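Keep in mind that what you see is a predicted model, and the values were worked out from it rather than measured. Here is the naming used below: chain letters follow the sequence lines, and residue numbers restart at 1 for every chain.
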Amino acid sequence: MTSTASSSPTPAIATKESVAKLFDYFRADLDDHNDRRERLIKASRDVTNLSKKTIFLLHRIMMEDPEANEQVLAKRAAHRGHEKLREVQNIYATLMEELEGDRFWRYQRQVSPGLQEYIEALSFAYYLEHGSLITFDGVQQTLLNPQGYFPLTVSDYLLGLSDLTGELMRFAISGISRRGGQKKATEVCAFVRGYFERFTPYVRDLSKKQSVTSQSLEKIEDVAYAIFVRSSEYDIPPEMLDDIVAQSISS
Amino acid sequence: MTSTASSSPTPAIATKESVAKLFDYFRADLDDHNDRRERLIKASRDVTNLSKKTIFLLHRIMMEDPEANEQVLAKRAAHRGHEKLREVQNIYATLMEELEGDRFWRYQRQVSPGLQEYIEALSFAYYLEHGSLITFDGVQQTLLNPQGYFPLTVSDYLLGLSDLTGELMRFAISGISRRGGQKKATEVCAFVRGYFERFTPYVRDLSKKQSVTSQSLEKIEDVAYAIFVRSSEYDIPPEMLDDIVAQSISS
Amino acid sequence: MDAADLYRINDLLDNDVELREKIKEQVTELDKKARTMVGLLNKVHSTPSDAIPALLDFLNPVLLSCQETIIALAMIIPKNQFWRWKDMWSNSLRTAVFAAAFIQYLSDRTLVSLNQVAKILGIKEESKDRLTLPAEDYLHGLISLVNELSRLAVNAVTLGNFDEPIRISIFVKDLFAGFSMLNLKNDTLRRRFDSLKYDIRKIEEVVYDVSLRKLSPAINTQ
Amino acid sequence: MDAADLYRINDLLDNDVELREKIKEQVTELDKKARTMVGLLNKVHSTPSDAIPALLDFLNPVLLSCQETIIALAMIIPKNQFWRWKDMWSNSLRTAVFAAAFIQYLSDRTLVSLNQVAKILGIKEESKDRLTLPAEDYLHGLISLVNELSRLAVNAVTLGNFDEPIRISIFVKDLFAGFSMLNLKNDTLRRRFDSLKYDIRKIEEVVYDVSLRKLSPAINTQ
Amino acid sequence: MDAADLYRINDLLDNDVELREKIKEQVTELDKKARTMVGLLNKVHSTPSDAIPALLDFLNPVLLSCQETIIALAMIIPKNQFWRWKDMWSNSLRTAVFAAAFIQYLSDRTLVSLNQVAKILGIKEESKDRLTLPAEDYLHGLISLVNELSRLAVNAVTLGNFDEPIRISIFVKDLFAGFSMLNLKNDTLRRRFDSLKYDIRKIEEVVYDVSLRKLSPAINTQ
Amino acid sequence: MDAADLYRINDLLDNDVELREKIKEQVTELDKKARTMVGLLNKVHSTPSDAIPALLDFLNPVLLSCQETIIALAMIIPKNQFWRWKDMWSNSLRTAVFAAAFIQYLSDRTLVSLNQVAKILGIKEESKDRLTLPAEDYLHGLISLVNELSRLAVNAVTLGNFDEPIRISIFVKDLFAGFSMLNLKNDTLRRRFDSLKYDIRKIEEVVYDVSLRKLSPAINTQ
Amino acid sequence: MDAADLYRINDLLDNDVELREKIKEQVTELDKKARTMVGLLNKVHSTPSDAIPALLDFLNPVLLSCQETIIALAMIIPKNQFWRWKDMWSNSLRTAVFAAAFIQYLSDRTLVSLNQVAKILGIKEESKDRLTLPAEDYLHGLISLVNELSRLAVNAVTLGNFDEPIRISIFVKDLFAGFSMLNLKNDTLRRRFDSLKYDIRKIEEVVYDVSLRKLSPAINTQ
Amino acid sequence: MDAADLYRINDLLDNDVELREKIKEQVTELDKKARTMVGLLNKVHSTPSDAIPALLDFLNPVLLSCQETIIALAMIIPKNQFWRWKDMWSNSLRTAVFAAAFIQYLSDRTLVSLNQVAKILGIKEESKDRLTLPAEDYLHGLISLVNELSRLAVNAVTLGNFDEPIRISIFVKDLFAGFSMLNLKNDTLRRRFDSLKYDIRKIEEVVYDVSLRKLSPAINTQ
Ligand SMILES: [Mn+2]
Ligand SMILES: [Mn+2]
């Protein structure tokens with residue numbers, strides 16, 4: 001086979017200069033994007049930390065002063081919680097511009113984790129105060145600022161609420177050694193169940209988190225069970241049991 | 001809270017006996033299924049081994065006796081290969097009963113690997129003999145026995161052919177040191193390409209194996225390239241090159 | 001391989017794609033019904049025993065409505081190709097089996113048999129070359145039932161029903177003994193069966209709590 | 001959360017599911033076209049240079065027909081939600097970009113720019129809040145081009161065309177230098193870019209073989 | 001390569017496949033027997049103490065029949081190749097060890113020793129280059145025994161047998177103290193041993209419940 | 001590569017291998033001591049309160065002897081390389097912290113502080129660039145202490161000591177409140193902290209049982 | 001838990017997050033510089049030997065500027081915590097070492113030593129408890145150099161420089177012999193070293209091609 | 001657990017740890033020798049044929065010294081435990097086989113047989129229950145030999161030895177034909193065998209080049 005070389009090389013190949021010019025444009029574009037992405041990740045991490053700290057704070061307040069009235073504690077906790085979450089709301093206000101137009105969906109994956117943690121903390125405070133579930137609009141309201149609403153997706157709302165179950169489980173378990181903790185645990189159990197049963201059939205998106213939620217629910221059920229079994233052995237109302245134990249420890 | 005125990009336990013609970021009877025039935029059923037499954041897996045493994053050995057045999061015959069005529073060798077290889085594959089066909093004949101009715105699809109996953117390896121060996125022998133691709137019906141014909149056709153799926157056919165590329169690559173590479181091996185390699189390259197280009201756009205099922213196939217093709221292309229570059233340096237036709245080298249080695 | 005051959009093969013492949021679409025449609029439907037039942041059955045854990053019949057009244061029509069979907073599904077499957085497509089619906093089917101078995105347990109504390117459940121779900125003998133209920137799927141459904149009963153043992157006590165755990169314990173032990181008779185291979189079913197021991201321990205601990213504290217008169221009948 | 005709220009949320013979720021279905025339909029269409037082009041471009045490796053124009057005549061109409069699909073796709077996407085759905089088509093889009101870039105290289109050995117390729121594919125400035133061509137996808141397409149050119153360098157030689165590898169080498173090196181100017185983060189793009197060095201080595205080795213044996217007169221112009 | 005060498009090598013390569021098949025057959029057999037014993041031993045948890053001897057009468061023949069299988073297995077293993085194949089049966093063997101140890105506990109509340117259990121299972125000193133009972137497998141069997149005894153402590157109370165938990169507690173603590181003296185590596189065995197503390201806690205809690213309610217006269221003898 | 005450089009590099013590489021061996025030796029030693037203490041502390045659960053001091057007399061010398069090992073370990077670690085090797089011993093160190101904290105609790109019912117325990121174990125301020133006690137390891141040790149105290153609350157009652165659970169309850173609640181003030185990340189420590197709630201619940205239950213039975217003789221005789 | 005202890009522990013836990021951020025910033029900077037050098041060094045493969053000095057004039061300032069970043073990095077690392085954080089920058093550092101070694105090879109065909117390269121990069125003896133250059137990272141840099149030199153051998157021939165491959169062959173063989181004398185562990189370094197044989201083969205094949213065609217007068221001096 | 005049993009078990013467990021250490025020591029020794037031989041054999045590629053005998057004089061004593069290590073190793077392995085520990089040394093052993101086979105080729109251009117190489121390395125028939133040479137390891141060694149011979153074919157030409165490639169070609173073809181007779185499974189060995197084809201191709205190319213240049217002086221002067 002002899003060389004069947006084609007016509008001589010075309011003179012004007014993509015010149016170095018034109019490629020360089022082309023890529024120069026990308027560089028600016030990519031750098032801009034990466035920087036924004038980094039800023040949003042950092043902000044989201046800050047939001048996550050603040051929200052986690054808020055959740056810790058709520059647990060802490062609910063456990064301090066064993067003799068205080070449950071209602072009063074809850075009000076105090078919710079108040080302090082909302083106060084702390086205002087820092088998060090301020091962060092979101094500053095992010096409005098970063099997420100204008102199509103940018104919100106572009107950076108949604110970076111923003112979501114923080115937002116879900118915020119919803120978890122917010123709904124926990126709300127539950128302590130009202131004993132019920134904050135609505136989608138309720139969450140949206142807290143994200144209003146002079147430039148408008150910070151965008152909220154249904155999926156973040158639902159996933160944030162899923163995580164709430166875990167905190168309620170912790171709350172129910174650590175609360176039972178308190179006076180009236182037994183009643184509280186039973187309430188939490190009923191609440192989580194109601195919420196849980198309502199969602200399961202409809203929302204497919206939750207499947208990943210669902211097993212965690214149902215584990216939390218089972219843990220709460222176990223607590224309610226243990227309380228009930230214990231108090232069934234003695235034919236005394238739970239409140240009286242509390243009194244007897246308190247007397248015994250202090251003596 | 002006092003015990004609100006329900007009415008006394010129903011007397012006739014699922015009795016041990018009835019459950020045992022129920023499960024007794026499953027036991028027979030499951031054992032039957034597991035035994036058949038094991039038999040089929042073993043048969044499939046035998047088929048795989050025989051097919052692999054056939055492939056080895058084909059390669060071996062094509063490489064023996066460097067001076068023999070390519071055509072003659074190929075005929076001999078194909079003949080010996082078909083002979084050996086008759087053992088596989090006999091195995092499939094005995095399996096007809098095991099795979100009657102809905103059983104074929106039930107045990108398809110157990111049967112497939114062997115079947116694909118068989119198709120690989122068969123199509124390799126066929127290529128050596130005819131220089132072309134065996135058709136679906138062509139494969140089906142070899143699986144005819146007194147009880148009828150052994151069932152063949154399109155997917156096994158296509159996947160078996162995909163594996164053929166790998167063997168053709170080995171064949172092309174190890175053949176190039178033979179007299180006329182260069183021409184052979186070029187032919188294989190053209191053949192695989194033709195087959196490959198024809199399938200890609202249509203068959204989605206192949207994607208898993210496709211990257212292996214395209215790697216094989218690239219290896220064959222590299223061989224064809226090397227041959228061409230080498231012979232381009234000297235302005236001598238390939239056949240003469242072969243002669244010169246043979247002379248040099250024997251001297 | 002000539003053009004005609006290629007054309008034919010492509011045709012065969014296209015048919016499969018179409019068939020898969022049609023099956024998927026019915027499976028989505030079945031899945032919805034199965035999920036609805038699971039949602040309703042979840043309420044069992046907070047429903048006092050005297051309100052269970054009312055709950056079952058909600059469940060039974062949904063269960064029955066599965067027949068229609070399953071019959072439609074059976075009509076799509078080509079003869080003898082049951083095993084080819086079954087992976088597409090086996091999860092939904094197992095959930096439906098679980099629901100049927102749970103409903104029957106709640107109704108009269110008996111175990112639904114494979115034939116019964118097949119009948120309930122509309123799986124017909126005459127179309128068994130298209131759609132059947134494999135023992136494997138039935139057994140998966142029963143394992144899910146045990147998983148759920150161990151949870152129910154706990155919650156029944158909280159609702160003041162101390163006899164339920166004992167009934168559950170007897171029911172589950174019989175079922176477990178049945179499972180033990182089978183030679184399962186090393187697959188999901190065996191792994192799930194092996195994990196049943198955790199459920200059984202949990203049930204046993206509930207029975208222990210109840211019996212230690214002499215909370216149920218039924219304890220001696222076990 | 002009351003029933004109305006639940007209803008509303010469910011509605012929103014249902015809408016998304018429907019939208020996803022519609023998008024998927026168009027993407028399947030786009031994917032088919034992209035695959036057809038890849039299949040045709042595969043023939044380049046066995047086509048002598050003088051027959052390339054004829055091959056391009058087959059390709060160009062397919063490439064043009066992508067416009068229609070992409071315009072239809074853009075009309076489905078809600079305003080500002082481009083980034084929400086783009087993962088559904090980015091693979092197909094990258095393949096289309098690759099095809100467009102390869103076609104242009106084969107036509108006149110130049111590099112198609114991002115704007116050019118967007119125009120060719122029917123991605124319009126005025127609907128950029130619905131569908132746009134992100135730099136990332138354009139760059140992925142170019143990397144696939146380099147992958148394919150390294151294979152072409154080999155096969156062109158086999159076809160007796162000793163100048164092509166040299167042209168490819170120059171083209172690819174310029175492109176690689178462009179890529180080197182970018183600050184890529186640690187993602188797939190960077191990994192694929194890093195792997196380009198294998199392609200470049202392969203091309204360099206082909207140029208080496210050709211130049212060592214003095215097979216191309218063009219070698220001195222590099 | 002000379003023909004004799006070639007032939008010999010090919011033989012070596014082929015033999016292994018066949019051998020593996022044969023071993024698998026015996027292991028499946030052993031596994032079946034081990035699982036049968038586990039199934040029967042499961043009944044212990046709902047069997048009153050006076051009916052245990054009758055249950056053991058069922059178990060002992062099955063246990064004995066393992067000898068035959070294990071001897072057959074030992075005869076298949078080529079001389080010196082114990083370590084090559086042992087992973088194929090160690091799970092089944094551990095289950096058999098567990099069964100033997102549980103049976104002996106139920107018979108006379110003593111611990112079966114390594115030598116005793118080897119003898120019971122038909123593992124012979126003279127064929128130790130083919131099949132032996134590694135200390136590791138023996139210990140795994142004992143850990144399974146403790147797992148099961150903590151369950152038995154719970155169920156014995158349900159059956160009104162308040163002394164059994166106390167006997168179990170003493171037995172298990174003794175066994176645990178023995179284990180604590182071993183220098184275990186950081187492997188599965190150590191992890192499983194570390195997890196025994198949960199079983200011990202459970203047993204202690206049962207003893208606590210019984211002693212708090214003064215249900216057993218034996219409590220003071222602990 | 002010039003010889004001097006080579007020689008030096010080889011030295012650096014060889015040193016690490018040797019160093020790892022030496023560290024491993026000391027860690028094995030420390031681990032043995034820690035495990036011995038755990039073994040002895042296990043006896044606490046069956047030892048009447050008046051015999052505890054005697055048990056501590058066995059423990060204290062072992063605890064003290066850890067100093068020697070830890071000092072030896074610190075001397076091996078090259079200056080500044082604490083963070084390089086710490087994973088090799090952190091498990092053993094946590095066990096030693098647990099032992100020290102348990103011993104101190106048993107001696108005077110107080111909580112050992114981070115500085116105290118560092119001092120007890122021979123971890124010196126002046127060699128902190130070689131070996132230090134990270135807060136994390138200290139906290140892990142305390143969590144193990146709570147795990148063990150909840151077990152002790154149960155066993156103390158079995159041994160007739162009804163005051164211990166109440167003392168434990170007060171001690172653990174205080175400790176738990178402290179932990180609650182920490183902002184833990186989502187790591188092992190957080191997970192183990194979460195699990196403390198179950199220990200606290202168990203302790204609570206024991207206190208309940210004891211209080212009710214002590215104060216209502218009517219129940220006591222039930 | 002006393003307040004001071006608590007406060008201190010909480011502080012310890014919080015600081016790390018912030019520190020990691022700061023380190024990451026400097027590492028990103030270093031990585032950018034290293035990648036810039038890699039980009040420039042890539043031009044070596046198409047630069048005739050007489051234009052290399054001009055290219056080095058571009059490279060040297062970038063190389064020097066690494067000092068500043070590395071010094072800044074060293075100042076952030078807390079005393080003694082080098083080993084805690086080093087994984088964050090070792091990749092970038094190895095690339096910088098490679099660049100320094102390649103630059104020195106191109107300048108005078110000598111091998112940069114460990115000390116030299118540390119000095120070039122601003123890694124100071126006095127802050128070695130914060131930042132040092134481990135032998136391992138130096139060796140990784142040298143392996144990358146060999147990878148690149150085998151590529152250069154090929155491209156030098158294309159550029160008509162037939163002596164370079166021979167010089168490279170001598171340099172690399174010397175380096176390889178040095179490496180062979182080290183006792184490498186079975187880690188990435190050893191695997192990468194083992195893979196050097198492919199580069200050496202490539203270089204040998206280039207030398208073969210050149211010598212077979214008698215293209216270089218230098219061949220006899222090898 | 002009775003004391004004697006405990007003692008015995010602990011002994012068994014301790015022995016293994018110690019044994020592993022001892023084996024590791026000998027394997028490290030063997031590995032060093034194997035690597036030394038590889039280092040020396042590497043010089044073959046730049047050694048003129050008349051200096052090869054002198055190089056072999058260096059190699060033979062090292063090869064012989066492997067006997068001592070392997071005999072020591074065989075003595076450590078407990079009877080029958082070959083298969084338990086073999087993974088620890090198979091890599092080093094394969095390298096030693098390769099070295100022995102290369103040395104024999106260089107000495108007299110013959111292939112060392114499995115029995116010969118076993119004898120050379122001190123692997124004795126009478127201790128085959130402790131240490132034997134599996135066919136698999138022998139074959140791996142031979143594949144490494146072919147890899148190295150294809151490299152030698154190239155370098156011999158550079159050194160002006162035009163006969164060596166032809167001798168290598170004949171030797172390797174014979175070896176390859178032998179390998180082709182084996183029914184290899186789809187494992188590492190098969191993959192490495194497949195890769196031999198590239199080595200054979202390279203050798204072929206060298207033979208080509210040499211033949212053509214030797215026989216056509218016209219080309220030679222080109
Ligand atoms: Mn949370
Ligand atoms: Mn194959």
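The pair Lys202(C)-Asp222(A) counts as a salt bridge, with a side-chain nitrogen and a carboxylate oxygen less than 4.0 angstrom apart.
The 12-atom threshold is exceeded at NZ of Lys185(C), counting heavy atoms of other residues, nucleotides or ligands nearer than 6.0 Å. No more than 12 heavy atoms of other residues, nucleotides or ligands sit less than 6.0 Å from atom OH of Tyr198(C). The 12-atom threshold is not exceeded at CZ of Arg80(A), counting heavy atoms of other residues, nucleotides or ligands nearer than 6.0 Å. Annotation: Lys124(C), atom NZ; neighbour count of heavy atoms from other residues, nucleotides and ligands within 6.0 Å does not exceed 12. Counted within 6.0 Å of CZ on Arg109(A), heavy atoms from surrounding residues, nucleotides or ligands total 12 or fewer; the atom is thus considered open.
Listed options Leu212(C), Asp209(C), Asn155(C) were ranked by heavy-atom pairs under 4.5 angstrom with chain A; first place goes to Asn155(C).
Looking only at side-chain heavy atoms (C-beta outward), Leu159(C) and Phe228(A) stay at 4.5 Å or farther from each other.
Heavy atoms of Glu221(A) lying under 4.5 Å from chain C belong to its backbone as well as its side chain.
Nearest heavy-atom pair across Arg151(C) and Leu217(A) is NH2-CD2, 3.4 Å.
Distance check: Lys214(C) NZ to Glu233(A) CD gives 9.0 Å after rounding to the nearest 0.5 Å.
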